[in-house]
Amino acid sequence: MKERTLSIIKPDCVSAHNAGKVIDILESNGFSIIAMKKIHLTKKQAEGFYIVHKERPFYDSLTTFMSEGPVVVMVLEKDNAIADYRELMGATNPKDAKEGTLREQFATDIERNAVHGSDSKESADFEIGYFFSALELV
Ligand code: ATP
Ligand code: MG
């Protein structure tokens with residue numbers, strides 16, 4: 001069944017000029033781009049996006065990183081998109097990411113890890129709605 005997930009190319013990956021390579025890999029792996037925008041998040045907008053992590057020790061550092069420069073935000077669609085995109089991203093820590101995954105290729109460390117992907121249907125619904133209105137998702 002077709003499913004949608006939210007992808008973010010994080011500031012480290014955009015500033016390294018690797019956004020196009022990531023998009024190429026996504027399309028080569030069967031993901032369709034339903035909506036896409038490049039934006040520079042404020043600290044507050046990054047905090048709102050990662051609100052589930054607000055009690056974590058890395059929350060302040062993570063949201064500072066996510067607001068340091070522009071990101072590319074996309075809604076991706078394919079069968080089993082949420083799990084398949086998590087697999088294509090690789091482990092949170094690039095040291096543990098399998099060869100060929102996005103994080104193995106483009107991440108620097110556990111924080112500056114190149115890409116984000118929704119981790120469940122509930123997260124995907126919240127995250128897609130955080131960035132895109134219904135009219136942008138037809
Ligand atoms: P994302 O939600 O960005 O797709 P993830 O689901 O693999 O990543 P989470 O546990 O949700 O990992 O953490 C969110 C983000 O917070 C990570 O992608 C990373 O940028 C940062 N992060 C996670 N753990 C740490 C840590 N121990 N130290 C620093 N930053 C971290
Ligand atoms: Mg996560």
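Quick caveat: nothing in here was measured; it's all calculated off a predicted structure. Whatever order the structure lists them in is the order used to number ligands and atoms, beginning at 1.
- Counted by atom type alone, Glu127 and Ser118 present one or more donor-acceptor pairs between their side chains at under 3.5 Å.
- No side-chain donor from either of Lys43 and Ser67 sits under 3.5 Å from a side-chain acceptor of the other.
- Among all protein heavy atoms, the one lying closest to atom 21 (C) of ligand 1 is Leu62 CD1, 3.8 Å.
- Looking at His53 next to ligand 1, an N or O pair under 3.5 Å apart turns up.
- Judged by distance alone, the side chains of Lys78 and Ser32 never bring a donor and an acceptor atom under 3.5 Å apart.
- The shortest contact between atom 1 (P) of ligand 1 and any protein heavy atom is with His116 ND1, 3.0 Å.
- Contact annotation: the side chain of Asn29 never approaches that of Tyr85 to less than 4.5 Å [non-hydrogen atoms, C-beta and beyond].
- The nearest protein atom to atom 8 (O) of ligand 1, hydrogens excluded, is given as Arg103 NH2, 3.2 Å; this is a heavy-atom distance.
- Applying the under-4.5 Å side-chain rule to Ile, Leu, Val, Met, Phe, Trp and Tyr, the cluster around Met66 extends to Leu6, Ile8, Ile34, Ile39, Leu41, Phe49, Tyr50, Ile51, Phe58, Tyr59, Leu62, Phe65, Val71, Val73, Val75, Phe126, Ile128, Tyr130, Phe131, Phe132, Leu137.
- Below 3.5 Å of separation, one finds no N or O of Arg56 facing any N or O of ligand 1.
- The protein atom (non-hydrogen) at minimum distance from atom 19 (C) of ligand 1 is Ile110 O, 3.1 Å.
- Contact annotation: Phe65 has no heavy atom less than 4.0 Å from any atom of ligand 1.
- Considering only non-hydrogen protein atoms, atom 23 (C) of ligand 1 sits nearest to Phe58 CZ, 3.5 Å.
- Residue Gly117 has at least one nitrogen or oxygen atom sitting less than 3.5 Å from a nitrogen or oxygen atom of ligand 1, judged on distance alone.
- Among protein heavy atoms, the minimum distance from atom 3 (O) of ligand 1 is reached at Tyr50 OH, 2.7 Å.
- For Lys10, the heavy-atom gap to ligand 1 drops under 4.0 angstrom.
- Protein heavy atom closest to atom 7 (O) of ligand 1, with residue, atom name and distance, is Thr92 OG1, 2.5 Å.
- For the residue pair Lys10 and Asn113, the shortest heavy atom distance occurs at NZ-OD1, 2.7 Å.
- Contact annotation: Arg86 has at least one heavy atom less than 4.0 Å from an atom of ligand 1.
- Protein heavy atom nearest atom 17 (C) of ligand 1, with residue, atom name and distance: Asn113 ND2, 3.6 Å.
- Judged by distance alone, the side chains of Glu111 and Ser61 do bring a donor and an acceptor atom under 3.5 Å apart.
- Atom NZ of Lys98 is surrounded by 12 or fewer heavy atoms from other residues, nucleotides or ligands within 6.0 Å.
- Listed here is the closest heavy atom pair of Arg112 and Asp12: O-OD2, 3.0 Å.
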